[in-house]
Amino acid sequence: MGKVVLVTGVARQLGGRFVRRVQRDPGVDRVIAVDAVAPAHPLGEAEFVRADIRQSALARILAEYAVDTVVHLDVSGKALGTAGRTAIKETNVIGTMQLLGACQKSPTVRRLVVKSSTSVYGSASRDPAVFTETTPPKSLPSGGFAKDAVEVEGYVRGFARRRPDVAVCVLRFANILGPRPDSPLADYLSLPVLPTVFGYDPRLQFVHEDDVVDVLGIAAREPRRGTLNSGTFNIAGEGVLLLSQCSRRLGKPTVPVLLPAVTWVGSALRTIGMTDFSPEQIRLLTHGRVVSTVQMRETLGFRPEFTTAATFAEFARSRGPGLLPPETVGRAVDRLAELPLPGGAGPRERGTGAVQTTHGAR
């Protein structure tokens, strides 16, 4: 790992955890923690610099501390505090542009790690069963955090072309869960009753927040023998879960809603502040998304400690018991699955075999 590491987005739990972890690396002399908001959690012996990455101060910071490794974690789908969607988009996109511009001018920067998301693949009915890092999306995200992530990756690719001497690693994380998650999907799964799209049971993947911190450490240091940590990698726990399985394990009833009405439900939930039920999240809960992790294991050399199921179990334990016993929810979901679809179609199929060719469409 570089002698001087700069980390953005340290006011978030994930950024704070990585800052504390990276200080334990014997090859690190100094950690510079940057955010526009003072963190509520400890940062160990890291030097906190209060700076907005949307501004031009980053070039001065990189030069002042002779930073050689930059870990950009200030790319998120959920705002801190009372900040709105406009502020988070500016931080994601304009902040990344400013950071990359500062890195391009810095003669000391040698490694760049960027947190991205599997949401860049979108969610659509014609999607492949499994996305690889080189699979083009059938339909590019049209808004929200997914569109931000697409733009961020585009700027990062441009930077990599202009500075071929800098090792660039982009990590596309599946939905991050664990005991202390901070994401719109975690907020949705924390609702007492889960609105679902009638006729769909999407496949979902999760990655544990502990594994996220571990893989960031691998990406930020020199690669181990036989591995390569430059490039783009999907990061997810092994296996998938259906949304119906998630509801059972949480002990929470679901309320199937016809697709045209889901947007109204999402707007109502956003209005009362319960969760950011965005259009991109609605598409995910309709069609789902599954990515290949072959490159993560064989090229990057990282094997997550937690599977998708184990990650979700950790999250479920942190939420406490649901409204109903899991057995009761399971029986209710079974009965719903046996109901005929609108228009006289037969009952919906259940199980993983019903979602082999699409991400949950029945």
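All residue numbers refer to positions in the sequence shown, counting from 1.
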Using the rule that two of Ile, Leu, Val, Met, Phe, Trp, Tyr join whenever any of their side-chain heavy atoms come within less than 4.5 Å, decide whether [X] and [Y] are in one cluster.
X	Y	result
Leu191	Leu177	yes
Leu194	Leu204	yes
Phe173	Ile218	yes
Val71	Leu228	no
Ile53	Ile94	no

Donor-acceptor contact present, side-chain [X] to main-chain [Y], <3.5 Å:
X	Y	value
Asn229	Arg221	yes
Asp35	Val10	yes
Asp201	Ser244	yes
Lys252	Cys246	no
Thr8	Asp74	yes
Gln245	Val240	no
Gln98	Leu58	no
Lys115	Val75	yes
Glu47	Arg30	no

Problem - Partner of Ser123 under side-chain hydrogen bond (donor to acceptor under 3.5 Å, both in side chains), chosen from Gln281, Arg283, Glu280, Arg289 - result: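 Testing each of Gln281, Arg283, Glu280, Arg289 against Ser123, the sole residue satisfying side-chain hydrogen bond (donor to acceptor under 3.5 Å, both in side chains) is Arg289.
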
Closest heavy-atom pair and its distance - [X], [Y]:
X	Y	answer
Gly27	Asp25	N-OD1, 2.8 Å
Ala33	Leu43	CB-CD1, 3.8 Å
Pro137	Phe131	CA-CE2, 4.4 Å
Pro141	Ser119	CG-O, 3.6 Å
Asn234	Thr132	ND2-C, 3.9 Å
Pro164	Arg161	CD-O, 3.6 Å

State, yes or no, whether a side-chain contact exists between [X] and [Y] at a heavy-atom distance under 4.5 Å.
X	Y	result
Glu45	Val31	no
Leu285	Thr196	no
Pro128	Thr135	yes
Leu14	Val213	yes
Phe302	Asp211	yes
Arg203	Leu242	yes
Leu189	Phe312	yes
Leu216	Leu73	yes

Handout entry: By side-chain hydrogen bond (donor to acceptor under 3.5 Å, both in side chains) - contacts of Arg317 (at least two apart)
Key =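 Partners of Arg317 by the side-chain hydrogen bond (donor to acceptor under 3.5 Å, both in side chains) criterion, ordered by chain and then number, come out as Glu314.
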
Problem - Steps toward side-chain contact (heavy atoms from CB on, under 4.5 Å) verdict (Asp127, Tyr121) - result: CA-CA 9 Å; Asp127 283 347; Tyr121 299 114; over 6 Å; no

Exercise for the section: Report the C-alpha distance between Asp148 and Lys89 in whole Å, list the side-chain angles of each, state the deciding distance to 0.1 Å, and finish with yes or no for salt bridge (charged side-chain N to carboxylate O under 4.0 Å, His left out). Expected result: CA-CA 7 Å; Asp148 293 354; Lys89 179 176 178 62; 3.1 Å; yes

Problem - Lys/Arg-Asp/Glu bridge criterion (N-O < 4.0 Å) met for Arg111, Asp68 - result: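 Salt bridge flag = no for Asp68 with Arg111.
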
Practice task
In plain terms, say whether Glu209 and Arg180 are close enough for a salt bridge, that is, a side-chain N and a carboxylate O under 4.0 Å apart.
Solution key: yes

Straight-line distance of [X] [atom1] to [Y] [atom2], nearest 0.5 Å:
X	Y	atom1	atom2	value
Asn175	Thr118	CG	OG1	6.0 Å
Asp214	Arg17	CG	CZ	8.5 Å
Ser116	Phe145	OG	CZ	6.5 Å
Leu112	His72	CG	NE2	8.0 Å
Gln104	Leu99	CD	CG	11.5 Å

Problem - Verdict with reasoning, Ser76 to Arg12, per side-chain contact (heavy atoms from CB on, under 4.5 Å) - result: CA-CA 10 Å; Ser76 178; Arg12 299 180 185 275; 3.4 Å; yes

Handout entry: Pairs satisfying side chain to side chain donor-acceptor pair (under 3.5 Å), at least one member in residues 299-312, at least two apart
Key =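 Every side chain to side chain donor-acceptor pair (under 3.5 Å) pair that includes a residue of residues 299-312, provided the two are not neighbours, is Gln295-Thr299.
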
Problem - CA sep, side-chain torsions, deciding dist, call: Met296, Leu171, side-chain contact (heavy atoms from CB on, under 4.5 Å) - result: CA-CA 9 Å; Met296 174 192 75; Leu171 301 176; over 6 Å; no

Practice task
Run the numbers on Arg172 and Glu133 for salt bridge (charged side-chain N to carboxylate O under 4.0 Å, His left out), then give the verdict.
Solution key: CA-CA 9 Å; Arg172 291 175 177 168; Glu133 286 83 352; over 6 Å; no

Practice task
Could you go through the side-chain contact (heavy atoms from CB on, under 4.5 Å) check for Ile32 and Val4 one step at a time?
Solution key: CA-CA 7 Å; Ile32 313 301; Val4 182; 4.2 Å; yes

